[in-house]
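Worksheet for the structure shown next.
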Amino acid sequence: MKFISKNEIIKVTDKVEKEYLECWKIFKNFRSSKFTLDKLFSFQPKLANAIYKEEEIYYKICEEERYLIKNKSRYKLGWFKKRMKKLKEYKEFINKVISIGKCIGDGFIYIFYNGDMDLIKRHNKNPRVAHMAKGLGTKAELTFINNAAVLNGCIVLYHGICNFLNIGDISLYSPQNHRIVAIGELKSRKEGDNILGISVDFISKINFTGDAILYEPNGKQSALKFNSEIKDHDGFANFVVERLQRQLENMESVFTDDEQEIKKMGDKRAIYYYKELEDISKKSKSTGACLKKVCNSLVISCFVNDNKKLSDHLLSNRKNKKNVETNFDLEEVNKIIIKDSKYNSIHMAELPLICHYGNVPLAMWNLNFNLLRDIIFQRKNVFTIFNPAFIIEKLESNGYIYKKQLDNSISFSKKIDNKRSMELHNAEFHFHLISMFLMSEDEVINLIQASEDVFLSTDLNGNVVANFEIIQRG
């Protein structure tokens, strides 16, 4: 068996990074409402095929792992352990590269799914699909997305380029309705040596008349007949561009400076530390991390990565992490430590490449596009240092009781009146809004206290369980 080499991984990753950067440029223009339909339709095939190149390397590593384990007795124990450790490092690196691609894809798909939060919630109930499947199925999916851009007047969205769509293989977005109108499952079969049969089963809100527009690599459009007469698609391109530009402008109007709309018991604007991050980024350098306290509980840190390419991380990622640790500015960290507080604790976090339900994808954050690119492509490393002591003591001063459960989950409880008490579970999620998503601590405190207003507005007696969802919208 031929073992995977570092040079092979570097060669593939360098090509993939160039394709990612091309996709980022298309996405940037799309988000800025400066795009053509040809460029828009080229985005998903380009990104999907780039991600798949990394997936193929991942498959080879997994195959080598299985081979080595099966034939362990043939190798010296020391070499076997060293090789298995190296393969683990390779897999971690490739997972990071795949996450970067899907981070860009999250932003692209989110633009279309932004008005369907309930549908995203349904996707979230299924396990996240971390990798494309190996075999004929994924090849059929790539063949389909390489060709079919529009079906029945709807834009085809491929789930394999993002992290938060876990039901089916494709979605259909209607420019006319501004909604997702169908979810499809692709099925494939061999119908000959060089013929691949692909069928799609849809769960849909519309009836299909049975024809599609195909986007071809040469930028031309052609029609594909599905047991019906081919319709006249003249004017469709202008219609789609106009509708999407209008939607993007509406989304952009949600932002005011560093404010972003969230959904919680109605619409509310929340303040984020985006401006502070941009200021810190401008002062960052490769010789050490630039740290700055931005509120009573949070320090944001940024440092420039010396690595010019993603593949360089394979050689020097550990060195860079050590460099940051040894150049830590404790003076800034000490500013968020409350003297004699029993709640002092330090938590470090990175900005999330992977998008989950309820959060706006990193690629859609209201940051400078160049900074976003540098963060996503690991040219600048941003991490936060969070101490929950201030928030806990602030809530306790307002009558809340802090509890840490046996499973290390956090809750707050408060007596509402003589007959009723409320308890807020999984409060660590609110802490993550600050440490990972840079929401201001005042906003988070207000969100927790807002749940009290809901109880006060009801006349329910006895034990009541209320499920609150905090949904960021962009």
* Minimum heavy-atom distance Phe93-Ser311, with the two atoms named -> CZ-CA, 3.8 Å
* Asked: Using the ring of each side chain (for Trp, its six-membered ring), is Phe30 parallel, tilted or perpendicular to Phe108, with breaks at 30° and 60°?
  -> tilted
* **Side chain to side chain, Val299 and Lys335, heavy atoms closer than 4.5 Å** => no
* To do: For side chain to side chain contact (heavy atoms under 4.5 Å, CB included), just list the numbers for Ile385 and Glu332, CA-CA rounded to whole Å, side-chain angles, deciding distance to a tenth of an Å, and then say yes or no.
  => CA-CA 10 Å; Ile385 304 159; Glu332 288 296 312; over 6 Å; no
* Above 12 or not: heavy atoms from other molecules or residues under 6.0 Å from NZ of Lys60? -> no
* Chi angles and distances behind the side chain to side chain contact (heavy atoms under 4.5 Å, CB included) call for Lys25, Phe369 -> CA-CA 10 Å; Lys25 186 177 180 179; Phe369 277 121; over 6 Å; no
* Look at the aromatic rings of Phe27 and Trp24 and report parallel, tilted or perpendicular, splitting at 30° and 60°. => tilted
* To do: Decide if atom NZ of Lys292 counts as having more than 12 heavy atoms of other residues, nucleotides or ligands within a radius under 6.0 Å.
  => no
* Asked: Does the distance from a Lys or Arg side-chain N to an Asp or Glu carboxylate O, for Lys309 and Glu17, drop under 4.0 Å?
  -> no
* Asked: Which atom pair, heavy atoms only, marks the closest approach of Met436 to Ala349?
  -> CG-CB, 3.9 Å
* With His425 via ring pair (Phe, Tyr, Trp, His ring centres under 6.0 Å) - residues at least two apart -> none
* Asked: His123: what forms a ring pair (Phe, Tyr, Trp, His ring centres under 6.0 Å) with it, not counting sequence neighbours?
  -> Tyr113, His159
* Would you say the side chain of Cys355 lies within less than 4.5 Å of the side chain of Tyr110, judging by non-hydrogen atoms? -> no
* Hey, could you give me the CG/CD distance between Asn370 and Glu278, rounded to the nearest 0.5 Å? => 10.5 Å
* **Evaluation steps, salt bridge (charged side-chain N to carboxylate O under 4.0 Å, His left out), between Glu441 and Lys394** => CA-CA 11 Å; Glu441 65 184 10; Lys394 179 74 173 179; over 6 Å; no
* Asked: Taking Lys102 for the side chain and Phe164 for the main chain, is one N or O donor matched with an acceptor at less than 3.5 Å?
  -> no
* Asked: Is any side-chain heavy atom of Ile161 closer than 4.5 Å to a side-chain heavy atom of Phe43?
  -> yes
* To do: Mind listing the closest non-hydrogen atom pair of Tyr400 and Phe412 along with its distance?
  => CD2-CB, 4.0 Å
* **Side chain proximity check, Ile336 to Ser297, heavy atoms < 4.5 angstrom** => no
* Does the distance from a Lys or Arg side-chain N to an Asp or Glu carboxylate O, for Arg66 and Glu63, drop under 4.0 Å? -> no
* Ile94 vs Ile98 side-chain heavy atoms within contact, under 4.5 Å -> yes
* Asked: Can you name the residues that form a ring pair (Phe, Tyr, Trp, His ring centres under 6.0 Å) with Tyr20, not counting sequence neighbours?
  -> none
* To do: Determine, stepwise, if the pair Tyr274 / Leu371 fulfils side chain to side chain contact (heavy atoms under 4.5 Å, CB included).
  => CA-CA 11 Å; Tyr274 294 156; Leu371 175 57; over 6 Å; no
* Asked: Do the side chain of Asn124 and the main chain of Ile120 share a donor and acceptor less than 3.5 angstrom apart?
  -> no
* Structure fact -> The complete set of salt bridge (Lys or Arg N to Asp or Glu O under 4.0 Å) pairs with one or both residues in residues 371-382, sequence neighbours excluded, reads Asp374-Arg379
* Euclidean distance, Asp169 CG relative to Leu157 CG, rounded to 0.5 Å -> 13.0 Å
* List for me each residue that meets side-chain hydrogen bond (donor to acceptor under 3.5 Å, both in side chains) alongside Tyr343, sequence neighbours excluded, and say none if there are none. => Glu396
* Structure fact -> Which of His347, His430, Glu428, Glu393 passes side chain to side chain contact (heavy atoms under 4.5 Å, CB included) with Pro388? It is His347
Which atom pairs, donor and acceptor, lie under 3.5 Å between side-chain atoms of residues 401-408 and protein residues at least two apart or in another chain?
from, atom 1, to, atom 2, distance (Å)
Gln405, NE2, Ser411, OG, 2.9
Asp407, OD1, Ser409, N, 3.0
Asp407, OD1, Ser409, OG, 2.6

* Structure fact -> One should read off an interatomic distance between Glu443 CD and Ile434 CD1, to the nearest 0.5 angstrom, of 10.5 Å
* Asked: Are side-chain heavy atoms of Lys91 and Glu65 found at a separation under 4.5 Å?
  -> yes
* Check: Ala363 main-chain N/O paired with Arg31 side-chain donor or acceptor under 3.5 Å -> yes
* To do: Determine yes or no for a side-chain-to-main-chain donor-acceptor pair under 3.5 angstrom, with Tyr75 supplying the side chain and Lys81 the backbone.
  => no
* Carboxylate-amine/guanidinium contact Lys283 Asp279, below 4.0 Å -> no
* Using atom types as modelled and distance alone, determine if a side-chain donor or acceptor of Thr384 lies under 3.5 Å from a backbone N or O of Ser435. => yes
* Any donor-acceptor pair under 3.5 Å linking the side chain of Ser284 with the backbone of Ser281? -> yes
* Asked: Would His432 and Phe386 count as a side chain to side chain contact (heavy atoms under 4.5 Å, CB included) if you check the C-alpha gap in whole Å, the side-chain angles of each, and the deciding distance to 0.1 Å?
  -> CA-CA 9 Å; His432 290 161; Phe386 174 71; over 6 Å; no
* **Shortest non-hydrogen separation from Leu87 to Ile4 and the atoms involved** => CD2-CG2, 3.8 Å
* Asked: About how many Å separate CZ of Arg128 and CD1 of Ile354, when rounded to the nearest 0.5 Å?
  -> 4.0 Å
* Should Glu54 and Thr13 count as side-chain neighbours, where that means a heavy-atom distance under 4.5 Å? -> yes
* Asked: So, does Asn126 use its side chain to make a donor-acceptor pair with the main chain of Ile167 at under 3.5 Å?
  -> no
* Any donor-acceptor pair under 3.5 Å from Asn387 side chain to Ser345 backbone -> yes
* Lys139 atom NZ, neighbour heavy-atom count above 12 within 6.0 Å -> no
* Taking every non-hydrogen atom, the tightest pair across Leu277 and Leu351 -> CD2-CD1, 4.3 Å
* Asked: For the atom pair CD1 (Ile410) and CZ (Phe429), what is the distance rounded to the nearest 0.5 Å?
  -> 13.5 Å
* Does the side chain of Leu165 reach to within under 4.5 Å of the side chain of Tyr158, using non-hydrogen atoms? -> no
* Structure fact -> What one should report as the nearest heavy-atom pair of Val129 and Asn166 is N-OD1, 3.5 Å
* Quick one: CD1 on Ile155 to CD on Gln44, what's the gap to the nearest 0.5 Å? -> 9.0 Å
* Heavy-atom count around Arg122 CZ within 6.0 Å, excluding the residue itself: above 12? -> no
